[in-house]
Amino acid sequence: MKRIIGKLGKYCLYSDSVIEGECPEVKEEEEMGRVVGSFTFTYGPSAGGLFESVKMEIDTFGEYIRKIAVDPYFKLREIKVLGKNIDDALLLIERINASFSASHSIAFISAIEKFSDGETNPDVSYLRILEIELERIRNNLFVIERMAESAGFLVPAYQLLYLIEKVNRKIGKIFGHRYFFGVNSLNEVRIIDDNVKFDDIEREFKEIYPDIIKNRIFIDRLQNNGVIKDERSIGPVARAAGFEYDARREDLHLPYNDFDFSIPRYDTGDAFGRLIVRAEEVFESLRIISQIKLKRARQSIKVNEGEGIGRVESPSGDLAYNVSISNGKVIDLNLLSPSSINIKFFSKSMVKNIFTDFPFNWESFGIWISEVGVKFV
């Protein structure tokens, strides 16, 4: 089914196409005026429980939340990338959000490949898939850890932090940097060590995961918390509501169809469903990785002048770049980040919730403010 993903520069990006112009708007419910006894207070930009700086305006009676508005632009970053050559631009793009560095850099490179000459080497593409799946494993473990930490569920939280560190060390051993900095270029993926195994990650997560989802006190904080079932949602948020949305199946530039894997889904649309989907995705990512043979590879792409869109399934959903190149320089650049979409659905899901549920629900969306408050100049 054709679905709307979001606005990307002058375009509206769909799951199977791109159309110039605004995306169709959805009529939102009219806001009610101020109710006797309610008040608005500012949460953030720097506050306990927030991993990144972000400003929120919360309309509440003190516990019941009537409305919440997230302002990711309170801390706006201008990134000077226009006029730079591709390699120099890539060094900045991969640092926009270190946790999603592979997703950002590969989406940027894919956009350029789509209007350039030369065949993409499947082995290079497989290594890019390996990067994104490792990034998904690390991020999903981190999201679950943040949810457990919010509940004071510290034993599994520390176990997950330990597992995340093991993943980071394996990434560093293979690629030479635990956040993929300097790993990707147009014609190569840097490999340092091609003999790294992941059996221990799967075995140890299988020991931690059952204890997490069987703890009644923890699960009570997640079930029916932040329910959102919206056909315009993306990533794990959509899949936890039963929608089978995934750029890995829709955008064929990266050859995911060469691998056997499933798209985990759940049907509750709440924070618990998002936890289940993310945990099951860890196992599916490990399944993909087990089918990839680590092998050094290069390709030869001749960059043309033109404009292209690159899209990947980041750990939090669709991530896309629209790139224009002239005389080997980046002359226009637009980003559609998953967090920019997820923020809207988080706000909708918090209406009629209680403040106590806020941290669990916020973490379950896996939002990174660093990839939203960005302006390319």
Side-chain angles (χ1 to χ4, degrees), residues 8-11 13-18 20 81-96 100-135 174-177 180-192 194 247-259 288-289 291-314 318-336 376:
L8 178 59
K10 61 183 178 182
Y11 300 108
L13 182 64
Y14 291 79
S15 56
D16 62 352
S17 59
V18 62
E20 190 165 346
V81 66
L82 303 183
K84 293 187 180 295
N85 65 43
I86 294 170
D87 289 339
D88 288 344
L90 191 55
L91 290 175
L92 297 171
I93 287 165
E94 66 184 10
R95 285 164 172 77
I96 288 174
F100 285 9
S101 173
S103 296
H104 278 265
S105 57
I106 292 168
F108 174 76
I109 289 171
S110 296
I112 297 170
E113 286 179 341
K114 287 182 178 178
F115 60 85
S116 297
D117 291 332
E119 292 291 326
T120 55
N121 183 336
D123 289 324
V124 170
S125 297
Y126 295 157
L127 291 175
R128 291 174 180 169
I129 289 174
L130 173 64
E131 290 179 57
I132 293 175
E133 295 311 311
L134 284 170
E135 198 163 75
I174 298 171
F175 297 103
H177 195 288
F180 302 104
F181 290 174
V183 170
N184 291 298
S185 61
L186 200 56
N187 289 315
E188 188 179 20
V189 175
R190 184 182 68 200
I191 292 288
I192 305 296
D194 59 4
R248 293 177 294 180
R249 294 292 195 204
E250 297 167 348
D251 189 306
L252 303 181
H253 187 71
L254 288 177
Y256 270 98
N257 285 342
D258 291 353
F259 302 103
I288 293 172
I289 289 170
Q291 299 169 64
I292 297 174
K293 182 174 175 54
L294 273 171
K295 184 165 68 175
R296 292 175 175 81
R298 288 187 56 83
Q299 61 187 19
S300 182
I301 300 292
K302 182 180 179 298
V303 177
N304 291 329
E305 292 193 359
E307 177 185 13
I309 291 175
R311 175 177 156 224
V312 302
E313 182 71 19
S314 81
D318 298 85
L319 187 158
Y321 275 92
N322 172 225
V323 186
S324 295
I325 300 290
S326 180
N327 294 320
K329 308 283 188 184
V330 178
I331 58 169
D332 194 20
L333 185 65
N334 295 282
L335 163 65
L336 174 61
F376 295 120

Does any non-hydrogen side-chain atom of Leu13 lie less than 4.5 Å from one of Asp318? no
One should read off an interatomic distance between Thr120 OG1 and Asn187 CG, to the nearest 0.5 angstrom, of 11.0 Å
For residues Asn334 and Leu8, report the shortest heavy-atom separation together with the two atoms involved. O-CD1, 3.5 Å
Rounded to the nearest 0.5 angstrom, the CD-NZ distance for Glu307 and Lys10 is 5.0 Å
Closest heavy-atom pair and its distance - Val323, Ala111: CG2-CB, 3.6 Å
Minimum side-chain heavy-atom gap Ile292-Ile288 below 4.5 Å: yes
Atom of Asn121, atom of Ala297 and distance for their closest heavy-atom approach: ND2-CB, 4.1 Å
For the residue pair Tyr126 and Phe259, categorise the inter-ring angle as parallel (less than 30°), tilted (30 to 60°) or perpendicular (more than 60°). perpendicular
Run Ile325 and Glu305 through side-chain contact (heavy atoms from CB on, under 4.5 Å) and show every step you take. CA-CA 5 Å; Ile325 300 290; Glu305 292 193 359; 5.6 Å; no
Any sub-3.5 Å donor-acceptor pair from Lys114's side-chain atoms to Ile309's backbone N or O? yes
Spacing of NE2 belonging to His177 relative to CD1 belonging to Ile192, to within rounding of 0.5 Å: 11.5 Å
Enter the distance from Leu252:CG to Asn257:CG here, rounded to the nearest 0.5 Å. 5.5 Å
How about Val18 and Asn322: do any of their side-chain heavy atoms sit closer than 4.5 Å? no
How about Ile106 and Phe180: do any of their side-chain heavy atoms sit closer than 4.5 Å? no
Answer whether the closest heavy-atom distance between the side chains of Ile132 and Leu254 falls below 4.5 Å. yes
Quick one: closest heavy-atom pair of Asn184 and Ser105, and the distance? ND2-OG, 3.2 Å
Once salt bridge (charged side-chain N to carboxylate O under 4.0 Å, His left out) is applied, do any residues pair with Asp123, and if so which ones, sequence neighbours excluded? Lys295
CG on Leu294 to CG on Leu130, rounded to 0.5 Å: 5.5 Å
State, with a plain yes or no, whether a side-chain heavy atom of His104 is found less than 4.5 Å away from one of Ile93. yes
I'd like to check the salt bridge (charged side-chain N to carboxylate O under 4.0 Å, His left out) partners of Asp258; sequence neighbours left out, ordered by chain and number. none
What is the minimum heavy-atom distance between Leu82 and Phe376, and which atoms define it? CD1-O, 4.3 Å
Sidechain-backbone polar pair: Asn304 side chain, Phe115 backbone, donor-acceptor under 3.5 Å: yes
Here the gap from Glu313 atom CD to Leu319 atom CG, rounded to the nearest 0.5 Å, amounts to 9.5 Å
Might you work through the side-chain contact (heavy atoms from CB on, under 4.5 Å) test for Lys84 and Val330, ending with a clear yes or no? CA-CA 6 Å; Lys84 293 187 180 295; Val330 178; 5.7 Å; no
Can any side-chain N or O of Glu135 pair as donor or acceptor with the backbone N or O of Ser314 at less than 3.5 Å? no
Check for me whether Arg249 meets the cation-pi criterion with Tyr256, that is, NZ or CZ under 6.0 Å from the six-membered ring centre and within 45 degrees of the ring axis. no
When you measure from the side chain of Asp251 to the backbone N and O of His253, does any donor-acceptor pair fall under 3.5 Å? yes
For Glu250 and Ser15, which heavy atoms make the closest approach, and how far apart are they? OE1-CB, 3.6 Å
Side chains of Arg296 and Asp194 in contact at under 4.5 Å (non-hydrogen atoms): yes
So do the side chains of Arg128 and Pro255 get within less than 4.5 Å of each other, counting heavy atoms only? no
Can any side-chain N or O of Ser101 pair as donor or acceptor with the backbone N or O of Glu94 at less than 3.5 Å? yes
Donor-acceptor pair, side chain of Arg190 and main chain of Phe175, under 3.5 angstrom: yes
